[in-house]
A.B. asks: 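Here it is, the structure in full.
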Amino acid sequence: MSDVTGTRDPAAPAARDGLGAHRAAVAQLRSAYAAIPPGSPVRLAKRTSNLFRFGGGQPSAGLDVSAFGRVLRVDPAARAAVAGGMTTYEDLADATLRHGLMPLVVPQLKTITLGGAVTGLGIESSSLRSGMPHESVTEMEILTGDGRVVTAADGNEHHALYRGFPNSYGTLGYALSLTIELEPVLPFVHLRHFRYENPDACMEAIAQIAQNGSLSGHRADFVDAAAFSLGEMYLTVGAFSEVAPWVSDYTRERIYYQSVRGPKEDFLTIRDYLWRWDTDWFWCSRAFGVQNPVIRRAWPRRYRRSARVDARRGRPARENVIQDVEIPVERGAEFLRFFADRVGMSPVWMCPLRLRGERTWPLYPLRAGQVYVNFGFWGTVALPPGAADGHYNRQIEDQVTALGGHKGLYSTSFYSEEQFSARYNGPEYAKLKREYDGDGRLASLYEKCVRGK
Ligand SMILES: Cc1cc2nc3c(=O)[nH]c(=O)nc-3n(C[C@H](O)[C@H](O)[C@H](O)COP(=O)(O)OP(=O)(O)OC[C@H]3O[C@@H](n4cnc5c(N)ncnc54)[C@H](O)[C@@H]3O)c2cc1C
């Protein structure tokens, strides 16, 4: 890993110590990896996860990566940071906000890690301006499946790995540290909530923001939206602000997602804005009865984000429909209608995005210049009599393809190997797999994301 170059930093000696400890941890991890017998499956032993694939996996050797969960350096002059691959976004954002800076895209759940968001594709309301988290990574130190530690960056000998790492889900290697760009923030975010009563109008407004960078004169530093039904959707446009006449707090009794229904204007501190969805995990805590403020306060932290609650209740006649999909904005209204008609779950989170520049990422082939809308829906739906698991998810997969979209892979997938290869650039993946994990010590992307190994 090369350091971020920058001018004098009062924390430099501490940072050097941090880097020294990091190097020692890398050496130790390499040895631990080499000691795992060939043929034994490998997995990360991580404290947190936001993965939604249950069961199916073989018991496997857990690689202790706890030493890679720290911010190693923030360089305000260069507007860059170096952080361990398992650093949570909560820690990363806190370290950078101290300098009046933030990562260009901060996924909404505090426990998502930098490495997880880069290999598993994160998104947030800055994604229309700044694309996805991997696009502001300038360099990654990766423990590859074949046991090497390499530095991958655009233009160096490992540039193919750098480009192919996003959407590889730890099947080519593990990111041990990443260097990322940062951007300056202001202390507050000024929100305006715009109501739409049909999907076409909402998608047109998104397309207009993509073109102008604002809506009705309100600058769009951040944009996302929630659809409660086809007749009730809210587009929230946020602008950095130096001042705030008041600030709202959604970490206690008040619930953020309900607030978008009115009043039309709001202010949050930048930190509270970044985590506005975290407390209630969007609206998913509702399913577990924790939107009653009294219960919510008493609810043990570890259950707030846990799907185990649902699993324990055992609802055999329901299917998990937990997905994020990207659809070109021109086809977004069609998707919403399809979803309301065939699946019928609400609310649906909507977040526009566009690649930052001309660079493309082979394992998740979004087109440069195209505006997409990410639709996120997380819950369970009753199966019709006689229908098997996959009934809804397969329809969604087909519709996403028909509309020229893509589906994220953090949850369940039902594609055949041929379909999967066609959608996620199988030939390029096979090349990378041969180059960086020739003996197949790590599961393949298909095994991991579809078979759940
Ligand atoms: C309900 C729900 C809503 C979501 N909503 C959003 C959203 O709105 N915005 C958003 O950005 N994302 C969202 N996600 C997706 C989330 O960002 C991805 O699942 C991400 O990969 C989770 O990262 P994690 O750090 O928790 O990784 P984990 O869940 O621990 O791991 C995810 C995968 O990445 C691999 N991995 C983890 N760390 C590394 C590493 N350092 N190097 C290589 N591979 C690694 C693991 O092996 C695993 O395959 C959502 C997920 C869920 C379940």
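These numbers come from a predicted model, not from an experiment. Start at 1 and go down the list; that is how both ligands and their atoms are numbered.
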A.B. asks: Considering only heavy atoms, does Phe165 approach ligand 1 within less than 4.0 Å through its side chain, its backbone, both, or neither?
C.D. replies: side chain

A.B. asks: Output the list of atoms in ligand 1 that are nearer than 4.0 Å to some heavy atom of Gly122, sorted by atom number.
C.D. replies: 10 (C), 11 (O)

A.B. asks: Between Lys431 and Glu428 (salt bridge meaning N to carboxylate O under 4.0 Å), is one present in this structure?
C.D. replies: yes

A.B. asks: Which of these, Gly115, Ala175, Gly170, has its nearest heavy atom closest to atom 42 (N) of ligand 1?
C.D. replies: Ala175

A.B. asks: Is there a polar contact between ligand 1 and Tyr410, counting only N or O atoms under 3.5 Å apart?
C.D. replies: no

A.B. asks: Between Asn320 and Trp378, does any side-chain donor sit less than 3.5 Å from a side-chain acceptor?
C.D. replies: no

A.B. asks: Relative to the heavy atoms of Trp349, which atoms of ligand 1 are at a distance of less than 4.0 Å?
C.D. replies: 8 (O)

A.B. asks: Could you check which of Tyr174, Trp378, Trp277 puts a non-hydrogen atom nearest to atom 1 (C) of ligand 1?
C.D. replies: Trp378

A.B. asks: For Tyr250 and Asp272, which I'm curious about, is there any donor-acceptor pair between the side chains at under 3.5 Å?
C.D. replies: no

A.B. asks: Using a heavy-atom cut-off of under 4.0 Å, does the side chain or the backbone of Leu44 touch ligand 1, or both, or neither?
C.D. replies: side chain

A.B. asks: Measure from NZ or CZ of Arg276 to the centre of the six-membered ring of Tyr257, then state whether that distance is under 6.0 Å and the direction lies within 45° of the axis.
C.D. replies: no

A.B. asks: Determine whether Pro133 and Tyr89 make a side-chain contact, defined as any pair of heavy atoms from C-beta on separated by less than 4.5 Å.
C.D. replies: yes

A.B. asks: Side-chain contact test, heavy atoms from C-beta onward, threshold under 4.5 Å: evaluate it for Thr171 versus Tyr436 and give yes or no.
C.D. replies: no

A.B. asks: Nearest heavy atom to atom 34 (O) of ligand 1: which of Thr119, Val42, Leu143 does it belong to?
C.D. replies: Thr119

A.B. asks: Yes or no: does Ser411 have any heavy atom under 4.0 Å from an atom of ligand 1?
C.D. replies: no

A.B. asks: Within a strict 4.5 Å, meaning less than it, do heavy atoms of the Arg163 and Arg359 side chains meet?
C.D. replies: yes

A.B. asks: Where's the contact between Lys448 and ligand 1, heavy-atom distance under 4.0 Å: side chain, backbone, both or neither?
C.D. replies: side chain

A.B. asks: Counting heavy atoms only, which part of Tyr169 comes closer than 4.0 Å to ligand 1: side chain, backbone, both or neither?
C.D. replies: both

A.B. asks: Can you confirm if the NZ or CZ of Arg30 lies within 45° of the ring axis of Tyr33 and under 6.0 Å from the centre of its six-membered ring?
C.D. replies: no

A.B. asks: Please could you name the atoms of ligand 1 that Gly173 approaches to less than 4.0 Å, counting only its heavy atoms?
C.D. replies: 43 (C)

A.B. asks: Phe282 to ligand 1: N or O pair under 3.5 Å?
C.D. replies: no

A.B. asks: For ligand 1, which is the ligand I care about here, please tell me if Thr111 has any N or O atom under 3.5 Å from one of the ligand's N or O atoms.
C.D. replies: no

A.B. asks: How about Glu232 and Tyr234: does a side-chain donor come under 3.5 Å of a side-chain acceptor?
C.D. replies: yes

A.B. asks: Hey, is Glu124 one of the residues with a heavy atom under 4.0 angstrom from ligand 1?
C.D. replies: no

